[in-house]
> 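Provided herewith is a single structure, encoded as structure tokens, for subsequent inquiry.
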Amino acid sequence: MDILKELNPQQKEAVLHTEGPLLVLAGAGSGKTRVITYRIAYLLHQGILPENILGVTFTNKAADEMKKRIETINNSFSRQRLWISTFHSACVRILRAHLKNPNFTIYDADDQNSLIKECLKELNLTLQPKAVLATISRAKENLITAGKYTPTNFFEQKIKPLYELYQSKLDENNGLDFDDILMKTVLLWQQEPQILELYQNRFKYLLVDEYQDTNYVQYLFTKMLVQRHNNICCVGDDDQSIYSFRGADIRNILNFEKDYKNVKIIRLEENYRSTEAILSLANRVISHNIGRKGKTLWTRKTGGPPVITYVGADEHQEAAFVTRKVLEISGQEMTLNNFAVLYRVNAQSRVLEEAFRKAHLPYLIIGGVSFYGRKEIKDILAYLKILVNSQDAVSLKRIINVPARGIGKTTIQKIENLAREKGISLYSALQEIQTTEILPPKATAAIKKFVELMAHFIKLKTTKGVLELTNELIDKTGYKQELEELAEHDRLDNIKEFLISIEEFEASNEDKTLEAFLANISLYTDIDNWDDTAPKVNLMTLHSAKGLEFNYVFMVGLEEGLLPHMNAREEIEKEEERRLCYVGMTRAKKQLFLSYAIKRRLYSGTFARPSRFLLECKGRI
DNA sequence: CATGCACAGCTTTTT
DNA sequence: GCTGTGCATG
């Protein structure tokens, strides 16, 4: 097979070792994606059917790219039958196939927030929604359902009833949060072994990317799945584990040898991305961490322009430095998409934006408030979600009076009361309440009009596609008109963009139903649609930068308190900050710039001391 | 029901 | 120090 010539000995070994558990410890820029794609291409070449392979990645973007790359190597297989997807997408597919009520709504962070606030109100508690949700999320990641949740301290005692109420509301709404998607899949497999068997038999070969960032449910998912055929290939890098705050457990990769028998371990240590100047510095920083699997990256790209450190008087000077350098280098040879500015917290982007705008440098912020997180998009999506799942009260309450149609807070309260009394959904209560005299005539008329409007859309849904339906929706609800009257051009543009994304969905997916569209869109984020060829400087957090590479990388705000962040107090947390720093540094191909400011106004504090990670490079820059 | 003001909250977040 | 949220007022 010709393609094997394009691999180095270790990569080739990883591709050819198809039977039995395999752990590939792949350093930054060592051709990890190449190994996975070639491995799948090789399996297909060996006559393995596409439906017998499951590849799991962490982003849709990675999944899409992988699929494309496999096709360029080998395009004689059925794209439909090969599953390369995120954990969540795979689980949604499984749940949609086996759940009694498959038209569930996926609740994002925003929806979760509304729901937990309701719960806090009902139980008369004043905890931080964020803290509550984080605790519930941690529980779900560890497969602890509300019923099984046993408090061990005062805080958790307060959480218990909240978790129970929150979950019962989710169930009533037929809504699943992101954690439910994973937890319910594994629970389904535990409760109905014949369903698990179905998938065990189907997926003879499992590949998991970014294994260092899997949490307990994801770990279980993979472990249960491979029990029959035992062909699991996990690829990851313990030095790039940066999501422990989301439940990622580095032990999954560190204990791989104990979890599976006859494990083969292959290290990929040749870095094809960065120059020696960059890599030696990164190696130096990460060597300060203990408890590593241990590997040292090397590169053939000896020398290279030195890593440059810049000290600014304040954050504005720092931003000016970045702008100046970008202009200087881009003027000579490089288009702007070759540049990235990486920071620890999103709040740092503002100063940079100002500087870029002043210099007329086009830039693009990745992450932050996502496109699908925008109010106008979420509103439209809420309408669509109700059409699929009328039990979804969160979405219903979101748009019942958007645009304003005379259904106020008291009215909604009365409808909610009726729904609770009769034990029916909020949507059913809308119909029910019209036959009573609970509401004043004006409100009843407004409800009637709203219900008729929704009924119209529900009927339309059976005959029209998603695009036509949505077009009519923004029109008939008066949503578009309102934005036009308020001259909200940005929002109108966003809606136009949303309509384009529907067109793209209809063009590229076989299942063009609204159900499929919603399931798909809930699992997509900005980075998945990111056009990395547009001539713009990329701005993003260090976290968002994982898996990406740029010729020129600027890491800004290398100060104690920012990187490592002040909230990372424990030593293990400091080590994760160091890994974050390592991830940032290893994104650079040609040249790396490190900077900090002597004085920085962020929130109300001032940071002053250079980051310890800079000091750890000492003697090298 | 819309607007304004006060006040909380502020790390990262592939899904 | 800034921004989004939530309640009170008109």
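Model, not experiment: these values are computed from the prediction. Here is the naming used below: chain letters follow the sequence lines, and residue numbers restart at 1 for every chain. Both backbone and side-chain heavy atoms feed into the values below; hydrogens, waters and symmetry mates do not.
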> Below 4.0 angstrom from OP1 or OP2 of dT15(B), is there any side-chain N or O of Ser89(A)?
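Negative; the distance criterion is not met.
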> Contact class for Phe87(A) vs. all strands (heavy atom < 4.0 Å): base, sugar-phosphate, or nothing?
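If one applies the 4.0 Å heavy-atom cut-off, Phe87(A) turns out to touch nothing in the nucleic acid.
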> In whole angstroms, how far is the P atom of dT14(B) from the CE atom of Met540(A)?
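Computing the Met540(A):CE to dT14(B):P distance gives 12 Å.
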> Identify whether any heavy atom of Leu176(A) sits under 4.0 Å from a base atom; if not, whether one sits that close to sugar-phosphate; answer base, sugar-phosphate or nothing.
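Touches nothing.
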> Output the rounded distance in Å from NE2 (His543(A)) to C1' (dT14(B)).
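Between C1' of dT14(B) and NE2 of His543(A): 10 Å.
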> Indicate yes or no for a side-chain donor-acceptor contact from Arg374(A) to the backbone of Arg491(A) under 3.5 Å, with no hydrogens or angles considered.
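Between the backbone of Arg491(A) and the side chain of Arg374(A) there is no qualifying donor-acceptor contact (under 3.5 Å).
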> Please tell me which of the listed nucleotides, dT11(B), dT15(B), dT14(B), lies nearest to the side chain of Lys546(A)?
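So the side chain of Lys546(A) is nearest to dT14(B).
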> Please figure out whether Asn567(A) or Arg405(A) has its closest DNA chain B nucleotide nearer the 5' end.
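Its nearest nucleotide being more 5', the pick is Arg405(A).
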> Any idea which of dT12(B), dT15(B), dT13(B) is nearest the Tyr243(A) side chain?
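When the side chain of Tyr243(A) is considered, dT13(B) is the closest of dT12(B), dT15(B), dT13(B).
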> From the options dT11(B), dT13(B), dT14(B), select the nucleotide whose nearest atom is closest to the side chain of His565(A).
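For the His565(A) side chain, the nearest candidate turns out to be dT11(B).
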> Check the phosphate of dT13(B) against Lys130(A), side-chain N and O only, distance under 4.0 Å to OP1 or OP2. Yes or no?
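No, no such contact exists.
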> Atom CG of Leu580(A) to atom C1' of dT12(B): distance rounded to whole Å?
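Result: 7 Å.
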> Regarding Asn60(A), tell me which of base, sugar-phosphate or nothing describes its non-hydrogen contacts under 4.0 Å with the strands shown.
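Asn60(A): backbone/sugar contact only, no base atoms under 4.0 Å.
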> Describe the nucleic acid contact of Asn401(A) in one word from base, sugar-phosphate, nothing, applying a heavy-atom distance below 4.0 Å.
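Sugar-phosphate contact only.
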> Let me know the distance between CD1 of Ile400(A) and P of dC1(B), rounded to the nearest Å.
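After rounding, the gap between these two atoms is 11 Å.
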> Could you check, using the six-membered ring where one of them is a Trp, whether Phe245(A) and His543(A) have ring centers closer than 6.0 angstrom?
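Yes, ring centres under 6.0 Å apart.
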> His316(A) NE2 to dG1(C) P: how many Å, rounded?
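For the pair His316(A) NE2 and dG1(C) P, the rounded distance is 12 Å.
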> What is the distance from CZ of Arg600(A) to P of dC10(B), rounded to the nearest Å?
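So the CZ-P distance, Arg600(A) to dC10(B), works out to 20 Å.
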> So, is Thr541(A) close to the dT13(B) phosphate, meaning a side-chain N or O under 4.0 Å from OP1 or OP2?
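Indeed, a polar side-chain atom of Thr541(A) lies that close.
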> His88(A) has a side chain; which of dA2(B), dT15(B), dT13(B) sits nearest to it?
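So the side chain of His88(A) is nearest to dT15(B).
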> Roughly how far apart, to the nearest Å, are dT13(B) and dC2(C) at atom P?
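dT13(B) and dC2(C) have their P atoms separated by 22 Å.
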> Just call it for Gln128(A): base, sugar-phosphate, or nothing, with non-hydrogen atoms closer than 4.0 Å on any strand.
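It contacts sugar-phosphate atoms only.
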> Closest to the Lys117(A) side chain: dT13(B), dT11(B), dT5(C)?
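Per side-chain heavy atoms of Lys117(A), the pick is dT5(C).
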> Does Tyr243(A) have its ring centroid less than 6.0 Å away from the ring centroid of Phe58(A)?
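No: the rings miss the under 6.0 Å criterion.
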> Decide yes or no, distance alone: a donor-acceptor N/O pair under 3.5 angstrom between the base of dT15(B) and the side-chain of Arg246(A).
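Yes.
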> Give one of base, sugar-phosphate or nothing for Gly406(A), where a contact means two heavy atoms less than 4.0 Å apart.
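Result for Gly406(A) = sugar-phosphate.
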> Nearest whole angstrom, please: distance from the P of dT11(B) to the CD of Glu570(A).
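Rounded to whole Å, this separation is 17 Å.
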> Can you check whether Phe245(A) stacks with the dT13(B) base, using ring centres under 5.5 Å and planes within 30°?
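Phe245(A) ring does not meet the centre or angle cut-off for dT13(B); no stack.
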> Could you say whether Lys409(A) or Pro129(A) is positioned toward the 5' end of DNA chain B, judged by the nucleotide with the nearest heavy atom to each?
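Its nearest nucleotide lies further toward 5', so the answer is Lys409(A).
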> Return yes if some donor-acceptor pair links the side-chain N/O of Gln218(A) with the main-chain N/O of Asn215(A) below 3.5 Å, else return no.
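Indeed, once roles are kept as given, a pair shorter than 3.5 Å links the two residues.
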> Would you call Lys375(A) and Asp379(A) a salt bridge, using N to O less than 4.0 angstrom?
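Here Lys375(A) pairs with Asp379(A) in a salt bridge, since their nearest N and O are under 4.0 Å apart.
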> So, does Asn346(A) get its side chain near the phosphate of dT13(B), meaning an N or O under 4.0 Å from OP1 or OP2?
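Checking Asn346(A) against dT13(B): at least one side-chain N or O falls below 4.0 Å of OP1 or OP2.
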> Please determine whether a side-chain nitrogen of the Lys or Arg among Lys397(A) and Glu118(A) lies less than 4.0 Å from a carboxylate oxygen of the Asp or Glu.
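Salt bridge flag = yes for Glu118(A) with Lys397(A).
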> Between Gln413(A) and Lys409(A), is there a donor-acceptor pair closer than 3.5 Å when you use the side chain of the first and the backbone of the second?
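The answer is no, because no donor-acceptor pair under 3.5 Å joins these two groups.
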> For Met566(A) and dT11(B), give me the distance from atom CE to atom P, rounded to whole Å.
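My rounded result for the distance is 8 Å.
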> Have a look at Lys375(A) and say if it touches a base, only the backbone sugar-phosphate, or nothing, with a 4.0 Å heavy-atom cut-off.
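If one applies the 4.0 Å heavy-atom cut-off, Lys375(A) turns out to touch nothing in the nucleic acid.
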